[in-house]
Amino acid sequence: MSKSTDELFKNVISHAKEYGFVFPSSEIYDGLSAVYDYGQFGAELKNNIKTYWWKAMVQMHDNIVGIDSAIFMHPKIWKASGHVDGFSDPMIDNKDSKKRYRADQLLEDKIASLIKEAVDEAKNKTNQKYNTRIELEEQIDNEKSTVNLFNEIVSGIDINAGEHRYINTPGGKSEAFNWFTHLILESDYFKKAIEANTKLNEHLKNEDLVGLKDLIIALNIKCPVSGTANWTDVRQFNLMFSTQMGAVADDADVVYLRPETAQGIFVNYLNVQKSGRMKIPFGIAQIGKAFRNEVIARQFIIRMREFEQMEMQYFVRPGTQKEWFNQWKEARLKWHLALGTDAAKYRYHEHVKLAHYADAAYDIEFEFPFGFKEVEGIHSRTDFDLSQHEKFSGKKMQYFDPEVDPETGKPYGNYVPYVIETSIGLDRMFLLTMINAYEEEDLSTEEKQDSRTVLHLHPCLAPVKAAIFPLTKKDGLPEKAREIMDKLKIDFNIQYEEKDAIGKRYRRQDAIGTPFCITVDHQTLEDNTVTIRHRDSMQQERVPADQLDKIIGDLVSWRNLLK
RNA sequence: GCGGAAAUAGCUCAGCUGGUAGAGCAUCAGUUUCCCAAACUGAAGGCCGCGGGUUCGAAUCCCGUUUUCCGCUCCA
């Protein structure tokens, strides 16, 4: 990060606070870490971003509907979704290097390296004994594949039955290969690894943090950075917030604050499908808050404990997920670019390591001053979520598809739909919009140094659509200006200002991104025309006052973004 | 959570080797002004982050603490 971009980010943050966009939460009580409040203009801007999304997703698609599900949900939902297990990681710190690790990953790595020792040893011995060259294929001769090999051996899969996957011997796999696997299974390294693996799984299952630490000590695992085994205790990091439901403390059940809005959609999939008579493919959209106890939550509103998501889950026929995935990937980037953002600031990032539920995943990333960061994710979630809920709830999540498959000539029939998810972080989108709009413009001439800070917000998103100024606050100009404002404020968010020099008022509106300033002068009293000044060009034009609603209406119309 | 830095008016900061708290902008009340900031007069605004210690005396020195920033660690 260069000095100047670093500076830019800081300036945007202080601008956001100074002009009523974003305030630190509970500031008068020293603040609450990683929680922020949206101020008077921030709330407007945020609402406008939501409206843009909702219109683009729901209003513009006749097969997508929106819901608003509760933040509290049945605790079993989070078991089904995998959040209860996946969202609480055992962590351990090395006291010398100050590095933090996931305890389970440290152990898995150690187990993998033990297996590798066993395999290498067996390989060498086999090569000696049979005077042959057994080579592990390249693709499995690394740690990850070693773990796979290990898992297959452990789970009793007969590797002899497989193809030439593990061993590449010129003379076939028969005797040398058997000897090789025999050596592995007999190896002390391997036995140690199996034992460690068994214990690891046991401790994880029982949430035995002490056991995990003991195991790390017993295996003499060292920090890769400091090289010491000077570890802290293993601690549990719960990434879900919990609270109690029920007024009487004794009877209260633990419920979680949802860590994502998606599950609210999945558990209502049947309700929406039936009550709306939805036909596949169809989508369910939702905007709502979600909560995550991040280990480190920083960098302003990019990572908050309480945040808002705009998600759409698109239910499709199995086998068609790839096409839909690609289609939504394109469509979502278009939504971003329609705002006029420089396309070079966006990029796709493909997930190489996929989540347990996904068969494809792309992020849309934006170049923030501190680097490219995910703003939106498009994930192909397969039928994982609905199948899980089918399993945990016992309710059938199937859809009967009466359409005829042209290949078989029969209807597609019953299936659990596949899901394409588009999920955008509203707060990140907000920050992106602010950063992208923010400019410190140098307006200096030879005679005079001058500058202005301006938010080049898209007129559709601007918190205030227009400001009305009487040129001076006498001669009946304020009255005339208020008269014009009263007509406009029915349709638009309007501000009235009469204090300070006209130039200063223009600059104040620039700072909050108001696209248009309307000035009432003496000529207005004569012929009912006003000047309208455009934020970005600073150019003025004189127009009839009674056409303002149409002129402004056209300029801030959603048509400009959605067409 | 660890390490480093910082915290003084709404904002940006000054305040020396301890001696009663300062500026500019912003705000408020007026004056001036027919189109792009910083014109004139006046007013208000501070437990110098919080707690302790040293001292006759602490914004200033010491210790602790909180918050923020910058790194590291985590993030389907």
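Letters A, B, ... are given to chains in the order of the sequence lines, protein chains preceding strands, and every chain is numbered from 1. We use all heavy atoms of the structure for the numbers below, so side chains are in, but hydrogens, waters and symmetry mates are not.
The listed nucleotides are B:rC70, B:rC35, B:rC36; the one nearest the side chain of A:Phe9 is B:rC70. Residue A:Lys474 has its side chain nearest to B:rU33 when only B:rU33, B:rA76, B:rC11 are considered. The A:Lys10 side chain lies nearest to B:rC69 when the options are B:rU27, B:rC69, B:rC36. Considering only side-chain atoms of A:His83, the nucleotide from B:rC35, B:rU33, B:rA76 that sits closest is B:rA76. For A:Ser451, the side-chain atoms get nearest to B:rA37 when compared with the rest of B:rU33, B:rC35, B:rA37. Closest to the side chain of A:Tyr36, out of B:rC35, B:rC69, B:rC11, is B:rC69.
Nucleotides B:rA14 and B:rU73 are separated by 33 Å at their P atoms, to the nearest Å. Distance check on atom C1': B:rC69 versus B:rU31 gives 44 Å, rounded to whole Å. Separating the C1' atom of B:rG10 from that of B:rG46 is a span of 12 Å, rounded to the nearest Å. Nucleotides B:rA44 and B:rU27 have their C1' atoms positioned 9 Å apart, rounded to a whole Å. Taking atom C1' on both nucleotides, B:rU60 is separated from B:rG18 by 6 Å, rounded to a whole Å. Of the C1' atoms belonging to B:rA6 and B:rC48, the separation is 14 Å, rounded to the nearest Å. Taking the P atoms as reference points, B:rC16 lies 24 Å from B:rG53, given to the whole Å. Taking atom C1' on both nucleotides, B:rG24 is separated from B:rA39 by 16 Å, rounded to a whole Å.
Nucleotide B:rC28 holds its P atom 11 Å from the CD atom of A:Glu498, rounded to whole Å. Distance A:Lys17 NZ to B:rG10 C1': 8 Å, rounded to the nearest Å. Between the CE atom of A:Met304 and the C1' atom of B:rU68 there is a distance of 17 Å, rounded to whole Å. The nearest whole Å value for the distance from the CD atom in A:Glu365 to the P atom in B:rC75 is 16 Å. Nucleotide B:rC36 holds its P atom 12 Å from the CG atom of A:Leu443, rounded to whole Å. Atom P of nucleotide B:rA76 and atom CD of A:Gln309 are separated by 14 Å, given to the nearest angstrom.
For A:Lys46, the side chain to side chain donor-acceptor pair (under 3.5 Å) partners are A:Glu308, not counting sequence neighbours. Every residue two or more places apart in sequence or in another chain that forms a side chain to side chain donor-acceptor pair (under 3.5 Å) with A:Gln523 is listed here: A:Asp527, A:Arg542. Residues passing the side chain to side chain donor-acceptor pair (under 3.5 Å) test with A:Tyr418: none are found, sequence neighbours excluded. A search for ring-ring contact (aromatic ring centres under 6.0 Å, His included) contacts involving A:Phe315 returns A:Tyr269, A:Phe282, not counting sequence neighbours. The side chain to side chain donor-acceptor pair (under 3.5 Å) search around A:Asp475 returns A:His522, not counting sequence neighbours. Under the rule for a ring-ring contact (aromatic ring centres under 6.0 Å, His included), the partners of A:Tyr348 that lie at least two apart in sequence or sit in another chain are A:Tyr362.
A:Arg258 and A:Glu311 are not joined by a salt bridge, as no carboxylate oxygen comes within less than 4.0 angstrom of a charged side-chain nitrogen. A salt bridge links A:Lys480 to A:Glu483: one of the charged nitrogens lies within less than 4.0 Å of a carboxylate oxygen. Ion pairing between A:Arg332 and A:Glu376 holds under the 4.0 Å rule for side-chain N and carboxylate O.
Using a 4.0 Å heavy-atom criterion, one finds that A:Leu471 contacts the bases of the nucleic acid, with or without backbone contacts as well. Among the protein residues, A:Gln540 comes within range of the nucleic acid bases, having at least one heavy atom under 4.0 Å from a base atom. Residue A:Lys499 is classed as a sugar-phosphate contact, given heavy-atom separations below 4.0 Å to backbone atoms only. Using a 4.0 Å heavy-atom criterion, one finds that A:Ser14 contacts no nucleic acid atom at all.
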Could I get a table of every N or O pair under 3.5 Å where one atom is in the protein and the other is in nucleotides 38-47 of chain B?
{"unit_1": "B:rA38", "atom_1": "N6", "unit_2": "A:Gln449", "atom_2": "O", "d": "2.7"}

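Residue side chain A:His351 does not reach the base of B:rA76 through any donor-acceptor N/O pair under 3.5 Å, judged by distance alone. Residue-to-nucleotide contacts include no donor-acceptor pair under 3.5 Å from the side chain of A:Arg452 to the base of B:rC36. A donor-acceptor contact under 3.5 angstrom links the side-chain atoms of A:Asp521 to the base of B:rC35.
Between A:Phe241 and A:Phe291, the ring planes lie perpendicular to each other; the angle is over 60°, past the 30° to 60° tilted range.
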**Study point:** Dot-bracket encoding of pairs in RNA chain B, which uses [ ] for pseudoknotted crossings and | for another strand, Watson-Crick or G-U under 3.5 angstrom
**Key:** (((((((..((((.....[..)))).(((((.......))))).....(((((..]....))))))))))))....

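For the pair A:Arg508 and A:Lys473, nearest-nucleotide mapping onto RNA chain B gives the more 5' position to A:Arg508.
Within the structure, the ring-ring contact (aromatic ring centres under 6.0 Å, His included) test picks out the following pairs touching residues 419-453 of chain A (sequence neighbours left out): A:His15-A:Tyr438, A:Tyr38-A:Phe430.
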